[in-house]
Amino acid sequence: MKQQLLTALQQAVDDLLLAQQVEQNIHVQLSYPRHAQHGDYTANIAMQLAPKLKQKPRDTAQLLLDTVQWPAQVEKTEIAGPGFINIYLVQGSEFEVLRQIIHAGESYGLQSKKNEKVCLEFVSANPTGPMHVGHGRGAIVGDALSRIMHSQGYDVVREYYMNDAGAQIGVLTRSVWTRMCQLDGQDLRLEEGCYPGEYIIDLAKILLEQQPFSAWSALSQDERDTQLADIAIAHMMTLIREDLKVLNIEFDVFFSEQALHASGKVQELIAQLRQQDLVYDGTLPPPKGKEVKDYKPTVQCLFRTTQYGDDVDRALQKQDGSATYFAADIAYHKDKDDRGFDRQINVWGADHGGYVRRVQAAMQALTTKVDTPEVILIQMVNLTQDGKPVRMSKRAGTFVTLREVVDAVGSDAVRFNFLTRRCESQLDFDLQLAKNQSMENPVYYVQYAYARISTLLNRWETEGHELHEIKQIELHLLSDDQCQDIIKKLLQYPEILANSATKQEPYRVATFLMNLASDLHSYYHKHRILGEAPNVAQARLLLMRAVAQVISNALTILGVSAPKSM
RNA sequence: GCGCCUGUGGCUCAACCGGAUAGAGCAACGGCCUUCUAAGCCGUAGGUUGCAGGUUCGAUUCCUGCCGGGCGCGCCA
């Protein structure tokens with residue numbers, strides 16, 4: 001419907017521009033007025049057009065209205081306020097959406113295949129310990145986004161980049177080995193910087209069960225480190241996968257940084273860049289913003305990222321000649337491009353904000369694609385306990401695991417809680433509050449609405465009644481304001497979902513659900529359904545079915561369950 | 001110092017690509033369960049959208065400057 005209106009109006013605008021010999025393209029937008037008194041749809045086009053035509057907006061609106069060929073469902077139009085064109089549909093045309101929903105069922109809101117391959121990378125937490133609450137936000141947003149984009153026809157691959165190479169793996173093996181030594185009875189202290197968490201001790205025990213300490217210590221240090229690292233990483237990834245699993249999150253691809261190094265692709269890349277004169281040997285200025293004691297200017301292999309908008313050129317090799325994290329990361333993103341993805345989207349924590357530009361710069365140099373990868377920065381989760389801030393750090397061992405929270409309040413509550421806010425806003429998460437007052441979580445508000453409807457439908461059937469086909473139902477019984485509000489929301493759901501995908505903002509779906517649930521609760525309270533005359537009951541049940549369907553569809557897309565009873 | 005994000009009732013957040021009268025929840029106060037789930041509903045109170053300019057017919061939204069909060073700024077990852 002909206003599309004038809006747009007087309008009609010656009011035609012009139014184009015004609016008008018042509019007639020007035022204004023060479024400009026302007027595309028019409030229709031929005032839903034906040035107040036019902038302003039019609040079913042409203043257009044602000046006249047106000048945008050008027051200055052270009054040197055007219056008064058209301059006059060322009062009139063000119064447009066004189067020529068528009070509206071579809072038959074348009075009852076009337078009016079010019080209002082400074083020049084809005086308000087459109088009113090024929091009574092009853094709004095019921096079409098109910099027919100659509102009942103007919104489409106689970107697929108209401110979905111879109112057909114777009115033939116666009118998207119690589120969505122998220123979580124990518126270091127395999128050095130279980131996930132903490134901060135990781136959870138990125139995990140949930142990324143997962144929800146993948147579902148939302150999938151629903152809109154994108155071909156989404158969900159990818160986890162395992163940082164299973166580099167210094168933190170050394171720290172991990174050192175930590176484990178120290179614990180193993182301690183378990184063997186040695187009086188050893190955990191070195192500065194090692195991971196103090198309990199989970200390391202668990203791992204140490206597992207390793208000692210595999211073979212006795214004597215066997216481990218018989219190995220050369222290199223050999224031992226390699227073996228320990230392999231097992232430790234595998235173990236940590238298992239933990240992480242389990243943590244994700246309880247949140248209903250799974251990945252298509254786990255991409256290993258180590259494998260990338262081993263394949264020689266990183267060195268290859270550097271060689272290739274050198275050939276293209278994109279790297280050079282130079283010195284970096286000392287870092288700004290904080291005192292650096294041991295800064296020594298050294299000659300390094302640098303990538304000319306400044307040519308693509310970065311602040312300084314970035315090092316690809318450390319002093320010892322090994323590749324930097326950045327070098328591997330470029331190779332990784334290049335690899336994704338080679339794998340044929342049309343788009344790369346990365347969900348990163350805000351602490352990686354400064355890193356975005358250099359990766360994009362590198363990708364621009366390598367592929368000429370601008371804005372690749374697209375990065376969604378998730379702002380930090382400020383964890384508090386009883387109102388007091390808790391610093392989360394794997395190194396300090398002061399973190400609250402994601403698992404702990406999920407076990408306490410459940411996947412649905414955690415997911416929805418993290419999805420109700422925009423990614424750009426910081427999030428306070430009080431552990432105690434989350435556990436105690438989980439009932440306040442808006443997810444229950446939404447699920448409750450669904451459960452109420454389910455009960456109604458269930459009772460209706462157990463009492464031996466049937467649900468009528470939509471053509472038998474007296475739809476005009478759904479003409480009061482409250483019904484109309486609900487129907488309008490149902491109508492807007494596909495657009496909300498589409499916007500949520502294009503803008504990559506899952507919170508829109510969550511917000512929509514809360515609004516719809518609010519309407520439902522209000523309606524439910526005000527109107528009886530089962531006790532009414534059969535024709536009234538049938539009509540209202542139809543509305544209920546449609547609402548339940550949309551709630552269920554939207555919850556599913558957010559990865560949240562829709563229980564039939566609570 | 002520079003870059004990114006952010007500032008909306010006491011608190012947590014909405015407001016569709018700039019639209020008409022800025023909306024919810026929590027907290028406060030007052031009501032509603034012999035009837036489909038009170039995890040709910042209805043009402044009252046609470047706002048100069050951080051401040052100052054600018055662009056526009058029109059600004060919470062865009063631009064500039066200031067103020068406040070967060071994150072980041074070597075060869076760590």
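Chain identifiers are assigned alphabetically (A, B, ...) following the order of the sequence lines, protein sequences preceding nucleic acid strands; residue numbering begins at 1 within each chain.
- With P as the reference atom, B/G58 and B/A24 are 28 Å apart, rounded to whole Å.
- The base of B/C5 lies outside donor-acceptor range of the side chain of A/Q379, with no N or O pair under 3.5 Å.
- At a cut-off of 3.5 angstrom, the base of B/U56 holds no donor-acceptor pair with the side chain of A/Q48.
- The side chain of A/E257 approaches B/A77 more closely than any other nucleotide in the set B/A77, B/A15, B/C41.
- Between the base of B/A24 and the side chain of A/T511 there is no donor-acceptor pair shorter than 3.5 Å.
- Considering only the side chain of A/Q300, B/C75 comes nearest among B/A20, B/A39, B/C75.
- Under the stacking criterion of a centre-to-centre distance below 5.5 angstrom and an interplanar angle below 30°, A/H521 is not stacked against the six-membered ring of B/C41.
- One N or O donor and one acceptor, one from the side chain of A/N44 and one from the base of B/G19, sit under 3.5 Å apart.
- Among the nucleotides B/G70, B/A39, B/C76, the one closest to the side chain of A/Y444 is B/A39.
- A 4.5 Å side-chain heavy-atom check between A/K56 and A/T60 finds every atom pair outside the cut-off.
- In this pair, A/Y355 and A/F326 present their aromatic rings perpendicular. The plane angle is above 60°, beyond the 30 to 60° band.
- Contact annotation: A/R34 reaches the phosphate of B/A20 (side-chain N/O to OP1 or OP2, under 4.0 Å).
- At a cut-off of 3.5 angstrom, counting only N and O atoms as typed in the model, there is no donor on one side facing an acceptor on the other between the side-chain of A/S425 and the base of B/C13.
- Taking atom C1' on both nucleotides, B/A59 is separated from B/C17 by 14 Å, rounded to a whole Å.
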